[in-house]
Q: 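Have a look at this one before I ask anything.
Hydrogens, waters and symmetry mates play no part in the numbers below; they use all other heavy atoms, side chains included.
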Amino acid sequence: MDEIDLIRTIDASRYAEPQALCTPSCRQALVWSDWEMDLAKAMYEVLRSLENALRCTISDRLSSHYGRDDWWKAKRLQLTHSTTKMIADAEKELLKESLPLTPAAIQRQVTLGFWVTLLGSGADYETQLWRPVSAGFPNYRGRRFPLWSRLNELRKLRNKVAHQERIGGRNLAADRHSALTAIGYVSEPLANRVEVADTAIPVLLANRPGACPRRMGSES
């Protein structure tokens, strides 16, 4: 497969900045595509750590508060329809894969959006969820909505990564800082560990691809 066919096959040109390519099939598109792929992998690792931290701290607090591992089945807890659907979808996926429907398996199967939703709007979520869960964010000082807003923006970023959308046009240094801050609300040692482990994003941002040399030459 020659480079032009490769560029078309993976739609590489969509990852380049506007005016960076001399033609839609410019070889520089592959440079941008590779950079985006490496960036997405690195960002995904940071966001995966955030998701794990949210899952563990929220599930632990709610299991303790409602006295059962499958806390979402507690009679006095009223979840929104969309939230209960996420649980049902997780159960269907586990059944499809012939996996046991244990509370732990279900909670690992739901997405980051599920955990973010629990901190959002719902029928008395302030009392039902935030009050028992807030202790799981010992380093956060503030109301529920600002925390939800930060996490929801990170959820949107994760979806862009998962769906191979372009993220290189974002302020990824700020996104990385936001994710580390959110992890730090749960555990500062974990946030420090994730930050030390992530050597890729700072290097990638410092080595952002440029425009096609031909295009640069035509503008000089």
Q: Give a yes or no on whether the backbone of His81 and the side-chain of Thr84 come within a donor-acceptor separation of less than 3.5 Å.
A: yes

Q: Do the side chains of Arg144 and Glu126 get close enough for a salt bridge, i.e. N-O under 4.0 angstrom?
A: yes

Q: For the side chain of Ser59 and the backbone of Arg55, is there at least one donor-acceptor N/O pair under 3.5 Å apart?
A: yes

Q: Side chains of Ser25 and Arg8 only: does a donor on one sit below 3.5 Å from an acceptor on the other?
A: no

Q: With a 3.5 Å distance limit and no angle check, can you tell me whether Tyr185 reaches the backbone of Glu188 through a side-chain donor-acceptor pair?
A: no

Q: Would the distance check show the side chain of His163 and the main-chain N or O of Asn159 forming a donor-acceptor pair, the cut-off being under 3.5 Å?
A: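 Yes, His163 side chain to Asn159 backbone: donor-acceptor pair under 3.5 Å.
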
Q: In this structure, are over 12 heavy atoms from other groups packed under 6.0 Å from Arg68 atom CZ?
A: yes

Q: My understanding is that only residues two or more places apart in sequence, or in another chain, count here; which of them pass side-chain contact (heavy atoms from CB on, under 4.5 Å) with Asp69?
A: Ser63, Pro103

Q: Enumerate, atom names and distances included, each donor-acceptor pair closer than 3.5 Å involving a side-chain atom of residues 90-98, sequence neighbours excluded.
A:
none

Q: When you compare the side chain of Glu17 with that of Arg208, does any pair of heavy atoms fall below 4.5 Å?
A: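 Heavy-atom side-chain distance check passes, below 4.5 Å.
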
Q: Okay, side chain of Ser49, backbone of Glu45: is any donor-acceptor separation there less than 3.5 Å?
A: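 Between the backbone of Glu45 and the side chain of Ser49 there is a qualifying donor-acceptor contact (under 3.5 Å).
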
Q: Does the pair Phe114 and Ile87 meet the rule for a side chain to side chain contact (heavy atoms under 4.5 Å, CB included), with working shown?
A: CA-CA 8 Å; Phe114 174 81; Ile87 296 170; 3.5 Å; yes

Q: Treating Ser134 as the side-chain partner and Arg131 as the backbone partner, does any N or O pair qualify as donor plus acceptor under 3.5 Å?
A: yes

Q: Can you give me the closest heavy-atom contact between Val161 and Ile167, atom names plus distance?
A: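 Between these two residues, the closest heavy atoms are CG2-CD1, 4.1 Å.
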
Q: Whether the side chain of Ser33 engages the backbone of Ala12 through a donor-acceptor N/O pair (distance < 3.5 Å, no angle test) should be reported.
A: no

Q: Check the angle between the aromatic planes of Phe137 and Trp130 and answer parallel, tilted or perpendicular using the 30° and 60° thresholds.
A: tilted

Q: If you count the non-hydrogen atoms of other residues, nucleotides and ligands that lie under 6.0 Å from CZ in Arg27, is the total more than 12?
A: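 Atom CZ in Arg27 is not crowded, with 12 or fewer foreign heavy atoms closer than 6.0 Å.
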
Q: Heavy atoms only: give me the nearest Ile201-Ala42 pair and the separation to one decimal.
A: CG1-CB, 3.5 Å

Q: List the steps, then state whether side chain to side chain donor-acceptor pair (under 3.5 Å) holds for Asp124 with Thr127.
A: CA-CA 6 Å; Asp124 197 21; Thr127 301; 3.0 Å; yes

Q: When the ring planes of Trp71 and Trp115 are compared, do they come out parallel, tilted or perpendicular, using 30° and 60° as the limits?
A: tilted

Q: Mark yes or no for whether Trp148, through its side chain, and Thr117, through its backbone, hold a donor-acceptor pair below 3.5 Å.
A: no

Q: Would you say the side-chain atoms of Gln28 pair up with the backbone N or O of Gly210, donor to acceptor, closer than 3.5 Å?
A: yes

Q: Verify, without hydrogens or angle tests, whether Asp70 (side chain) and Lys73 (backbone) share a donor-acceptor contact under 3.5 angstrom.
A: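 Looks like no, no N/O pair under 3.5 Å.
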
Q: Checking side chain to side chain contact (heavy atoms under 4.5 Å, CB included) between Arg176 and each of Asp198, Thr181, Leu205, which is the one that passes?
A: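 For Arg176, the side chain to side chain contact (heavy atoms under 4.5 Å, CB included) test succeeds with only one of Asp198, Thr181, Leu205, which is Asp198.
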
Q: Below 4.5 Å, heavy atoms only, C-beta onward: do Tyr125 and Thr83 meet side chain to side chain?
A: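 Touching, per the 4.5 Å side-chain cut-off.
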
Q: Out of curiosity, Gln128 CD to Leu118 CG, how far, rounded to the nearest 0.5 Å?
A: 11.0 Å

Q: Charged N to carboxylate O under 4.0 angstrom, Glu165 versus Arg14?
A: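 Arg14 and Glu165: not salt-bridged.
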
Q: Is there a side-chain contact between Leu54 and Ile183, using heavy atoms and a 4.5 Å cut-off?
A: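 Not touching, per the 4.5 Å side-chain cut-off.
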
